[in-house]
2 protein chains.
Amino acid sequence: MTTKVVIVDDHFLLAQAIQELVNSFEGFETLYLCKNGKELLEKMKYPANVPDIILMDVNMPILNGIAATKIINETYPNVLVLALSVEVDEDIILGMLRAGAKGYLMKDTEKEQLQEALEQVIRDGYYHTNTIAKLLVGSLVKPKEGVQLKDRELEFIKHACTEMTYREIAEAMFLSPKTIEGYRDSLYEKLNIKNRIGLVLYAIRQKLFVP
Amino acid sequence: MTTKVVIVDDHFLLAQAIQELVNSFEGFETLYLCKNGKELLEKMKYPANVPDIILMDVNMPILNGIAATKIINETYPNVLVLALSVEVDEDIILGMLRAGAKGYLMKDTEKEQLQEALEQVIRDGYYHTNTIAKLLVGSLVKPKEGVQLKDRELEFIKHACTEMTYREIAEAMFLSPKTIEGYRDSLYEKLNIKNRIGLVLYAIRQKLFVP
DNA sequence: AGGGAAAGGGGTGAAAACCCCTTTTACAGG
DNA sequence: CCTGTAAAAGGGGTTTTCACCCCTTTCCCT
(Lines give C-alpha, C1' and ligand atoms only; values in the text may rest on other atoms or scores of the structure.)
Protein backbone atom coordinates (compact mmCIF):
# COMPACT_ATOMS: atom_id res chain seq x y z
CA MET A 1 0.00 0.00 0.00
CA THR A 2 1.34 3.37 -0.95
CA THR A 3 1.89 6.17 1.51
CA LYS A 4 -0.31 9.18 0.81
CA VAL A 5 1.36 12.57 0.98
CA VAL A 6 -0.10 16.07 0.94
CA ILE A 7 2.00 19.18 0.28
CA VAL A 8 1.05 22.50 1.81
CA ASP A 9 2.99 25.46 0.47
CA ASP A 10 1.95 28.82 -0.90
CA HIS A 11 4.92 28.77 -3.25
CA PHE A 12 3.00 26.84 -5.79
CA LEU A 13 5.89 26.18 -8.10
CA LEU A 14 7.81 24.58 -5.28
CA ALA A 15 4.76 22.64 -4.21
CA GLN A 16 4.25 21.22 -7.69
CA ALA A 17 7.92 20.45 -7.98
CA ILE A 18 8.00 18.58 -4.70
CA GLN A 19 4.91 16.76 -5.78
CA GLU A 20 6.75 15.38 -8.79
CA LEU A 21 9.66 14.40 -6.62
CA VAL A 22 7.45 12.59 -4.14
CA ASN A 23 5.60 10.80 -6.89
CA SER A 24 8.92 9.58 -8.25
CA PHE A 25 9.68 7.83 -4.95
CA GLU A 26 8.53 4.25 -4.82
CA GLY A 27 5.69 3.69 -2.41
CA PHE A 28 4.67 7.32 -2.17
CA GLU A 29 1.99 9.29 -3.94
CA THR A 30 0.72 12.83 -3.63
CA LEU A 31 -2.97 13.22 -2.91
CA TYR A 32 -3.24 16.95 -3.55
CA LEU A 33 -1.61 20.33 -2.92
CA CYS A 34 -2.74 23.17 -0.68
CA LYS A 35 -1.75 26.82 -0.55
CA ASN A 36 -2.27 27.28 3.18
CA GLY A 37 -3.41 25.70 6.40
CA LYS A 38 -7.01 26.75 6.02
CA GLU A 39 -7.31 25.08 2.65
CA LEU A 40 -5.75 21.94 4.10
CA LEU A 41 -8.20 21.74 7.00
CA GLU A 42 -11.12 22.23 4.62
CA LYS A 43 -9.89 19.35 2.48
CA MET A 44 -9.23 17.04 5.39
CA LYS A 45 -12.84 17.19 6.53
CA TYR A 46 -13.41 14.38 4.02
CA PRO A 47 -11.83 11.16 5.30
CA ALA A 48 -10.65 10.25 1.81
CA ASN A 49 -8.48 13.35 1.89
CA VAL A 50 -6.65 12.51 5.10
CA PRO A 51 -3.07 11.62 4.15
CA ASP A 52 -0.36 9.73 5.99
CA ILE A 53 2.21 12.50 5.75
CA ILE A 54 1.86 16.25 5.38
CA LEU A 55 4.80 18.23 4.05
CA MET A 56 4.08 21.60 5.58
CA ASP A 57 5.62 24.95 4.76
CA VAL A 58 6.03 27.26 7.74
CA ASN A 59 5.51 30.68 6.18
CA MET A 60 2.07 30.77 4.76
CA PRO A 61 -0.66 33.36 4.62
CA ILE A 62 -4.07 32.78 6.27
CA LEU A 63 -3.10 29.85 8.51
CA ASN A 64 0.61 29.40 9.00
CA GLY A 65 2.52 26.18 9.50
CA ILE A 66 2.77 26.30 13.27
CA ALA A 67 -0.92 26.96 13.84
CA ALA A 68 -1.96 24.44 11.21
CA THR A 69 0.35 21.77 12.61
CA LYS A 70 -1.05 22.28 16.09
CA ILE A 71 -4.62 21.77 14.87
CA ILE A 72 -3.67 18.76 12.75
CA ASN A 73 -1.96 17.14 15.69
CA GLU A 74 -4.96 17.54 17.92
CA THR A 75 -7.53 16.54 15.33
CA TYR A 76 -5.69 13.85 13.40
CA PRO A 77 -3.03 12.44 15.75
CA ASN A 78 -2.09 9.71 13.26
CA VAL A 79 -1.09 12.13 10.52
CA LEU A 80 2.64 12.80 10.41
CA VAL A 81 3.62 16.40 9.76
CA LEU A 82 7.03 17.19 8.33
CA ALA A 83 7.99 20.86 8.34
CA LEU A 84 9.60 22.17 5.18
CA SER A 85 11.08 25.63 5.21
CA VAL A 86 13.85 28.02 4.31
CA GLU A 87 13.43 29.50 7.75
CA VAL A 88 16.43 28.98 10.00
CA ASP A 89 15.04 31.00 12.89
CA GLU A 90 15.42 28.96 16.04
CA ASP A 91 12.12 30.09 17.51
CA ILE A 92 10.24 29.08 14.41
CA ILE A 93 11.87 25.68 14.18
CA LEU A 94 11.16 25.01 17.83
CA GLY A 95 7.64 26.32 17.37
CA MET A 96 7.00 23.81 14.62
CA LEU A 97 8.42 20.96 16.65
CA ARG A 98 6.44 21.97 19.72
CA ALA A 99 3.34 22.14 17.56
CA GLY A 100 3.91 18.48 16.82
CA ALA A 101 5.95 18.36 13.61
CA LYS A 102 7.79 15.07 13.34
CA GLY A 103 10.73 16.57 11.51
CA TYR A 104 12.09 19.75 10.00
CA LEU A 105 13.51 19.81 6.50
CA MET A 106 15.37 22.71 5.02
CA LYS A 107 14.38 23.54 1.48
CA ASP A 108 17.96 23.03 0.35
CA THR A 109 17.61 19.36 1.15
CA GLU A 110 18.83 16.89 -1.45
CA LYS A 111 16.32 14.72 -3.24
CA GLU A 112 17.65 11.61 -1.53
CA GLN A 113 17.29 13.22 1.87
CA LEU A 114 13.65 13.95 1.26
CA GLN A 115 13.06 10.33 0.36
CA GLU A 116 14.99 9.23 3.43
CA ALA A 117 12.91 11.59 5.58
CA LEU A 118 9.63 10.28 4.23
CA GLU A 119 10.69 6.69 4.74
CA GLN A 120 12.07 7.25 8.22
CA VAL A 121 9.07 9.18 9.45
CA ILE A 122 6.83 6.30 8.40
CA ARG A 123 9.14 3.74 9.99
CA ASP A 124 10.19 5.52 13.19
CA GLY A 125 7.67 8.31 13.54
CA TYR A 126 10.28 11.06 13.37
CA TYR A 127 13.11 12.41 11.25
CA HIS A 128 15.72 14.85 12.43
CA THR A 129 18.89 16.04 10.76
CA ASN A 130 21.99 16.70 12.79
CA THR A 131 21.44 20.42 12.48
CA ILE A 132 18.02 20.21 14.05
CA ALA A 133 19.15 17.76 16.71
CA LYS A 134 21.87 20.19 17.73
CA LEU A 135 19.32 22.96 17.94
CA LEU A 136 17.11 20.88 20.17
CA VAL A 137 19.93 20.25 22.60
CA GLY A 138 20.77 23.93 22.57
CA SER A 139 17.23 24.88 23.44
CA LEU A 140 17.34 22.61 26.45
CA VAL A 141 20.56 24.12 27.71
CA LYS A 142 19.26 27.64 27.40
CA PRO A 143 15.64 27.45 28.62
CA LYS A 144 14.56 30.58 26.81
CA GLU A 145 14.73 33.00 29.78
CA GLY A 146 11.04 33.53 30.25
CA VAL A 147 10.80 37.29 30.59
CA GLN A 148 7.09 37.77 31.00
CA LEU A 149 5.86 40.98 29.43
CA LYS A 150 2.45 42.35 30.26
CA ASP A 151 0.00 43.58 27.64
CA ARG A 152 0.46 47.22 28.51
CA GLU A 153 4.23 46.82 28.35
CA LEU A 154 4.02 45.27 24.90
CA GLU A 155 1.88 48.13 23.77
CA PHE A 156 4.40 50.57 25.15
CA ILE A 157 7.28 48.81 23.44
CA LYS A 158 5.61 49.12 20.08
CA HIS A 159 5.16 52.82 20.63
CA ALA A 160 8.75 53.13 21.77
CA CYS A 161 9.81 51.85 18.35
CA THR A 162 8.65 55.06 16.74
CA GLU A 163 9.83 58.64 16.83
CA MET A 164 7.25 59.49 19.50
CA THR A 165 8.46 61.08 22.69
CA TYR A 166 7.44 59.45 25.93
CA ARG A 167 5.00 62.26 26.49
CA GLU A 168 3.33 61.45 23.19
CA ILE A 169 3.30 57.75 23.99
CA ALA A 170 1.64 58.56 27.31
CA GLU A 171 -1.06 60.51 25.51
CA ALA A 172 -1.58 57.74 22.98
CA MET A 173 -2.00 55.20 25.76
CA PHE A 174 -4.12 57.47 27.98
CA LEU A 175 -1.62 57.32 30.79
CA SER A 176 0.51 59.76 32.72
CA PRO A 177 4.01 60.34 31.35
CA LYS A 178 5.26 59.18 34.70
CA THR A 179 3.61 55.81 34.29
CA ILE A 180 5.25 55.46 30.93
CA GLU A 181 8.58 56.21 32.51
CA GLY A 182 7.75 53.53 35.02
CA TYR A 183 7.17 50.99 32.27
CA ARG A 184 10.36 52.01 30.61
CA ASP A 185 12.45 51.72 33.74
CA SER A 186 11.09 48.32 34.70
CA LEU A 187 11.68 47.08 31.17
CA TYR A 188 15.26 48.32 31.25
CA GLU A 189 15.69 46.29 34.40
CA LYS A 190 13.97 43.15 33.16
CA LEU A 191 15.61 43.13 29.75
CA ASN A 192 18.98 44.25 30.97
CA ILE A 193 19.28 47.19 28.62
CA LYS A 194 20.44 50.75 29.10
CA ASN A 195 18.36 52.99 26.85
CA ARG A 196 15.58 53.23 24.35
CA ILE A 197 17.79 52.03 21.51
CA GLY A 198 18.27 48.80 23.40
CA LEU A 199 14.53 48.51 23.76
CA VAL A 200 14.00 48.98 20.03
CA LEU A 201 16.61 46.36 19.21
CA TYR A 202 15.03 43.96 21.68
CA ALA A 203 11.60 44.53 20.17
CA ILE A 204 12.86 43.89 16.66
CA ARG A 205 14.81 40.79 17.60
CA GLN A 206 11.83 39.39 19.47
CA LYS A 207 9.66 40.28 16.50
CA LEU A 208 7.43 42.43 18.68
CA PHE A 209 7.93 45.13 16.11
CA VAL A 210 8.55 44.78 12.40
CA PRO A 211 10.51 47.72 11.00
CA MET B 1 16.44 22.02 -31.34
CA THR B 2 15.76 22.05 -27.63
CA THR B 3 16.37 25.05 -25.42
CA LYS B 4 19.05 24.40 -22.81
CA VAL B 5 18.29 25.58 -19.29
CA VAL B 6 20.49 25.85 -16.22
CA ILE B 7 19.09 26.28 -12.71
CA VAL B 8 21.07 28.15 -10.07
CA ASP B 9 19.67 27.85 -6.56
CA ASP B 10 21.19 26.93 -3.25
CA HIS B 11 17.90 25.36 -2.20
CA PHE B 12 18.81 22.11 -3.80
CA LEU B 13 15.46 20.47 -3.36
CA LEU B 14 13.77 23.32 -5.16
CA ALA B 15 16.43 23.26 -7.84
CA GLN B 16 15.94 19.58 -8.49
CA ALA B 17 12.22 20.01 -8.46
CA ILE B 18 12.30 22.82 -10.97
CA GLN B 19 14.61 20.72 -13.08
CA GLU B 20 11.98 18.02 -13.33
CA LEU B 21 9.38 20.60 -14.21
CA VAL B 22 11.52 22.13 -16.93
CA ASN B 23 12.33 18.73 -18.37
CA SER B 24 8.63 18.00 -18.57
CA PHE B 25 8.12 21.00 -20.86
CA GLU B 26 8.37 20.22 -24.53
CA GLY B 27 11.40 21.75 -26.18
CA PHE B 28 13.31 22.39 -22.96
CA GLU B 29 15.98 20.42 -21.17
CA THR B 30 18.09 21.08 -18.11
CA LEU B 31 21.83 20.97 -18.60
CA TYR B 32 22.86 20.98 -14.94
CA LEU B 33 22.21 22.59 -11.55
CA CYS B 34 24.38 25.00 -9.56
CA LYS B 35 24.31 26.02 -5.94
CA ASN B 36 25.63 29.56 -6.46
CA GLY B 37 26.95 32.07 -8.93
CA LYS B 38 30.57 31.05 -8.53
CA GLU B 39 29.81 27.46 -9.40
CA LEU B 40 27.86 28.63 -12.43
CA LEU B 41 30.68 30.78 -13.77
CA GLU B 42 33.15 27.93 -13.30
CA LYS B 43 30.90 25.64 -15.32
CA MET B 44 30.28 28.15 -18.07
CA LYS B 45 33.95 28.42 -18.88
CA TYR B 46 33.35 25.38 -21.08
CA PRO B 47 31.32 26.38 -24.15
CA ALA B 48 29.34 23.15 -24.02
CA ASN B 49 28.02 24.30 -20.65
CA VAL B 50 26.67 27.63 -21.84
CA PRO B 51 22.87 27.39 -21.78
CA ASP B 52 20.18 29.44 -23.50
CA ILE B 53 18.36 30.33 -20.31
CA ILE B 54 19.50 30.58 -16.71
CA LEU B 55 16.91 30.37 -13.94
CA MET B 56 18.68 32.28 -11.22
CA ASP B 57 17.85 32.47 -7.54
CA VAL B 58 18.56 35.83 -5.94
CA ASN B 59 19.57 34.85 -2.42
CA MET B 60 22.61 32.71 -2.67
CA PRO B 61 25.80 32.42 -0.70
CA ILE B 62 29.21 33.10 -2.29
CA LEU B 63 28.02 34.93 -5.39
CA ASN B 64 24.48 36.19 -5.25
CA GLY B 65 22.00 36.50 -8.06
CA ILE B 66 22.51 40.18 -8.77
CA ALA B 67 26.28 39.99 -8.98
CA ALA B 68 26.19 36.78 -10.97
CA THR B 69 23.61 38.15 -13.40
CA LYS B 70 25.72 41.24 -13.98
CA ILE B 71 28.76 39.14 -14.88
CA ILE B 72 26.74 36.78 -17.08
CA ASN B 73 25.28 39.70 -18.96
CA GLU B 74 28.67 41.20 -19.67
CA THR B 75 30.38 37.95 -20.53
CA TYR B 76 27.63 36.03 -22.29
CA PRO B 77 25.21 38.64 -23.65
CA ASN B 78 23.20 36.00 -25.51
CA VAL B 79 22.31 34.05 -22.39
CA LEU B 80 18.89 34.94 -21.02
CA VAL B 81 18.69 35.21 -17.24
CA LEU B 82 15.34 34.78 -15.50
CA ALA B 83 15.30 35.69 -11.82
CA LEU B 84 13.49 33.29 -9.54
CA SER B 85 12.90 34.30 -5.96
CA VAL B 86 10.66 34.54 -2.94
CA GLU B 87 12.06 38.00 -2.40
CA VAL B 88 9.50 40.76 -2.83
CA ASP B 89 11.86 43.57 -1.82
CA GLU B 90 11.60 46.29 -4.41
CA ASP B 91 15.29 47.12 -4.31
CA ILE B 92 16.27 43.54 -4.94
CA ILE B 93 13.86 43.07 -7.83
CA LEU B 94 15.06 46.28 -9.43
CA GLY B 95 18.65 45.23 -8.75
CA MET B 96 18.14 42.01 -10.65
CA LEU B 97 16.49 43.77 -13.56
CA ARG B 98 19.19 46.42 -13.68
CA ALA B 99 21.78 43.65 -13.62
CA GLY B 100 20.22 42.40 -16.83
CA ALA B 101 17.66 39.79 -15.81
CA LYS B 102 15.07 39.36 -18.54
CA GLY B 103 12.28 38.58 -16.11
CA TYR B 104 11.45 38.05 -12.47
CA LEU B 105 9.43 35.05 -11.36
CA MET B 106 8.07 34.60 -7.88
CA LYS B 107 8.55 31.15 -6.46
CA ASP B 108 4.81 30.82 -6.02
CA THR B 109 4.42 30.82 -9.76
CA GLU B 110 2.21 28.15 -11.30
CA LYS B 111 3.75 25.45 -13.43
CA GLU B 112 2.05 26.84 -16.53
CA GLN B 113 3.41 30.29 -15.84
CA LEU B 114 6.96 28.97 -15.71
CA GLN B 115 6.50 27.32 -19.07
CA GLU B 116 4.96 30.51 -20.45
CA ALA B 117 7.91 32.51 -19.10
CA LEU B 118 10.47 30.20 -20.66
CA GLU B 119 8.72 30.29 -24.00
CA GLN B 120 8.18 34.02 -24.00
CA VAL B 121 11.73 34.86 -23.03
CA ILE B 122 12.97 32.79 -25.96
CA ARG B 123 10.47 34.40 -28.31
CA ASP B 124 10.48 38.03 -27.16
CA GLY B 125 13.60 38.31 -25.06
CA TYR B 126 11.75 39.22 -21.89
CA TYR B 127 8.97 38.11 -19.55
CA HIS B 128 7.29 40.31 -17.01
CA THR B 129 4.22 39.68 -14.90
CA ASN B 130 1.80 42.48 -14.14
CA THR B 131 3.15 42.72 -10.62
CA ILE B 132 6.65 43.39 -11.83
CA ALA B 133 5.50 45.75 -14.54
CA LYS B 134 3.67 47.78 -11.94
CA LEU B 135 6.80 47.90 -9.82
CA LEU B 136 8.82 49.15 -12.74
CA VAL B 137 6.44 52.01 -13.34
CA GLY B 138 6.48 52.84 -9.64
CA SER B 139 10.25 53.02 -9.61
CA LEU B 140 10.17 55.55 -12.42
CA VAL B 141 7.66 57.73 -10.66
CA LYS B 142 9.60 57.76 -7.41
CA PRO B 143 13.25 58.13 -8.45
CA LYS B 144 14.63 56.68 -5.24
CA GLU B 145 15.40 59.99 -3.42
CA GLY B 146 19.16 59.88 -3.65
CA VAL B 147 20.21 60.83 -0.14
CA GLN B 148 23.95 60.49 -0.40
CA LEU B 149 25.54 59.36 2.85
CA LYS B 150 29.24 59.71 3.42
CA ASP B 151 31.43 56.93 4.74
CA ARG B 152 31.89 58.53 8.10
CA GLU B 153 28.17 59.07 8.44
CA LEU B 154 27.44 55.44 7.63
CA GLU B 155 29.90 54.39 10.28
CA PHE B 156 28.19 56.66 12.76
CA ILE B 157 24.75 55.31 11.89
CA LYS B 158 25.87 51.78 12.61
CA HIS B 159 27.15 52.86 16.01
CA ALA B 160 23.93 54.75 16.65
CA CYS B 161 22.10 51.44 16.32
CA THR B 162 23.59 50.22 19.58
CA GLU B 163 23.18 51.18 23.20
CA MET B 164 26.26 53.41 23.04
CA THR B 165 25.90 57.05 24.06
CA TYR B 166 27.14 59.64 21.63
CA ARG B 167 30.16 60.17 23.83
CA GLU B 168 31.05 56.49 23.51
CA ILE B 169 30.48 56.58 19.76
CA ALA B 170 32.82 59.56 19.56
CA GLU B 171 35.50 57.60 21.39
CA ALA B 172 35.01 54.57 19.18
CA MET B 173 35.39 56.70 16.08
CA PHE B 174 38.27 58.79 17.48
CA LEU B 175 36.30 61.99 17.11
CA SER B 176 35.09 64.72 19.39
CA PRO B 177 31.58 64.27 20.78
CA LYS B 178 30.83 67.55 19.08
CA THR B 179 31.63 66.18 15.67
CA ILE B 180 29.38 63.24 16.32
CA GLU B 181 26.61 65.61 17.25
CA GLY B 182 27.27 67.39 14.00
CA TYR B 183 26.81 64.17 12.06
CA ARG B 184 23.67 63.44 13.96
CA ASP B 185 22.14 66.85 13.37
CA SER B 186 22.86 66.87 9.68
CA LEU B 187 21.44 63.35 9.34
CA TYR B 188 18.27 64.39 11.14
CA GLU B 189 17.96 67.14 8.60
CA LYS B 190 18.77 65.07 5.55
CA LEU B 191 16.61 62.11 6.52
CA ASN B 192 13.80 64.18 7.91
CA ILE B 193 13.72 62.44 11.26
CA LYS B 194 13.39 63.75 14.77
CA ASN B 195 15.45 61.55 17.02
CA ARG B 196 17.78 58.62 17.34
CA ILE B 197 14.95 56.11 17.13
CA GLY B 198 14.14 57.47 13.70
CA LEU B 199 17.76 57.01 12.73
CA VAL B 200 17.75 53.39 13.88
CA LEU B 201 14.57 52.67 11.95
CA TYR B 202 16.02 54.33 8.87
CA ALA B 203 19.19 52.27 9.16
CA ILE B 204 17.27 49.04 9.49
CA ARG B 205 14.92 49.79 6.63
CA GLN B 206 17.83 50.76 4.38
CA LYS B 207 19.61 47.59 5.49
CA LEU B 208 22.54 49.62 6.77
CA PHE B 209 22.19 47.70 9.99
CA VAL B 210 20.90 44.20 10.52
CA PRO B 211 19.37 43.75 13.97
C1' DA C 1 44.55 81.82 -6.57
C1' DG C 2 40.15 81.67 -4.78
C1' DG C 3 35.64 79.76 -3.83
C1' DG C 4 33.25 76.18 -1.86
C1' DA C 5 32.48 71.82 -0.07
C1' DA C 6 33.65 68.55 3.52
C1' DA C 7 35.39 67.48 7.96
C1' DG C 8 36.31 68.55 12.65
C1' DG C 9 35.46 71.16 16.75
C1' DG C 10 32.87 74.36 20.02
C1' DG C 11 28.93 76.91 23.19
C1' DT C 12 24.48 77.27 25.11
C1' DG C 13 19.83 76.65 26.66
C1' DA C 14 15.86 73.92 26.72
C1' DA C 15 13.79 69.53 26.38
C1' DA C 16 13.92 64.85 26.97
C1' DA C 17 15.56 60.87 29.01
C1' DC C 18 17.21 58.56 32.91
C1' DC C 19 17.19 57.04 37.76
C1' DC C 20 15.69 56.40 42.37
C1' DC C 21 12.15 56.54 45.60
C1' DT C 22 7.33 57.74 47.49
C1' DT C 23 2.33 57.95 47.38
C1' DT C 24 -2.16 56.82 45.75
C1' DT C 25 -5.38 53.65 44.02
C1' DA C 26 -7.48 49.38 43.33
C1' DC C 27 -8.55 45.03 44.07
C1' DA C 28 -8.08 40.06 45.35
C1' DG C 29 -7.64 36.86 49.31
C1' DG C 30 -7.20 35.49 54.09
C1' DC D 1 -12.34 44.13 57.40
C1' DC D 2 -7.72 44.33 56.87
C1' DT D 3 -3.61 43.36 54.16
C1' DG D 4 -0.61 42.52 50.52
C1' DT D 5 0.51 43.41 46.05
C1' DA D 6 0.61 45.51 41.70
C1' DA D 7 -0.51 49.19 38.55
C1' DA D 8 -0.55 54.06 38.17
C1' DA D 9 1.06 58.46 39.28
C1' DG D 10 4.19 61.55 40.97
C1' DG D 11 8.63 64.21 42.92
C1' DG D 12 13.18 65.64 42.22
C1' DG D 13 17.74 65.55 40.65
C1' DT D 14 21.25 64.18 37.09
C1' DT D 15 22.67 63.17 32.52
C1' DT D 16 21.96 63.06 27.72
C1' DT D 17 20.13 64.67 23.75
C1' DC D 18 18.45 68.14 20.79
C1' DA D 19 18.57 72.26 18.16
C1' DC D 20 20.25 76.15 17.46
C1' DC D 21 24.25 79.26 16.77
C1' DC D 22 29.49 79.73 15.79
C1' DC D 23 34.51 78.77 14.17
C1' DT D 24 38.91 76.62 11.71
C1' DT D 25 41.31 73.47 8.64
C1' DT D 26 41.78 70.71 4.67
C1' DC D 27 41.16 69.60 0.15
C1' DC D 28 39.36 69.81 -4.38
C1' DC D 29 38.22 72.09 -8.51
C1' DT D 30 37.76 75.58 -11.99
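Since this is a predicted model, take the numbers as computed values, not measurements.
With B:D9 contributing its side chain and B:D57 its backbone, the two residues share no donor-acceptor pair below 3.5 Å. Under a 3.5 Å cut-off, the side chain of A:Y183 and the backbone N or O of A:L154 do not form any donor-acceptor pair. With hydrogens and angles ignored, the 3.5 Å screen pairs no side-chain donor or acceptor of B:K207 with any backbone N or O of B:R205.
The distance from atom CZ of B:R184 to atom C1' of C:dA17 is 13 Å, rounded to the nearest whole Å. Spacing between atom CG of B:N195 and atom P of C:dA17 amounts to 7 Å, rounded to whole angstrom units. A:R196 has its CZ atom 18 Å from the P atom of C:dA15, to the nearest Å. One atom, CD of A:E181, and another, P of D:dG10, lie 12 Å apart when rounded to the nearest Å. Between the CD1 atom of B:I180 and the C1' atom of D:dA19 there is a distance of 17 Å, rounded to whole Å. A:F156 places its CZ atom 14 Å from the C1' atom of D:dA8, with the value rounded to the nearest Å. Distance, A:E189 CD to C:dA17 P: 20 Å, rounded to whole Å. A straight line from CD1 of A:I197 to P of D:dT16 spans 15 Å, rounded to a whole angstrom.
Side-chain N/O atoms of B:Y188 include none lying less than 4.0 angstrom from OP1 or OP2 on D:dT17. Phosphate contact (OP1/OP2 of C:dA7, side-chain N/O of B:T179, threshold under 4.0 Å): absent.
Checked by distance alone, B:K178 brings no side-chain donor or acceptor within 3.5 Å of a matching partner on the base of C:dG8.
When only modelled atom types and interatomic distance are considered, A:Q113 and A:Y127 share a side-chain donor-acceptor pair under 3.5 Å.
Between B:F174 and A:I193, the residue anchored nearer the 5' end of DNA chain C, judged by the nucleotide with its closest heavy atom, is B:F174. In terms of position along DNA chain C, the nucleotide closest to B:D151 lies nearer the 5' end than the nucleotide closest to the other residue of the pair B:P177 and B:D151.
Nucleic acid contact class of B:T165 (heavy atoms, under 4.0 Å, all strands): sugar-phosphate only. Heavy atoms of A:S176 sit under 4.0 angstrom from primed sugar atoms or phosphate atoms, though from no base atom.
Side-chain atoms of B:Y166 lie closest to D:dT17 of the nucleotides D:dT17, C:dA16, C:dG9.
No more than 12 heavy atoms of other residues, nucleotides or ligands shown are found within 6.0 angstrom of NZ on A:K38.
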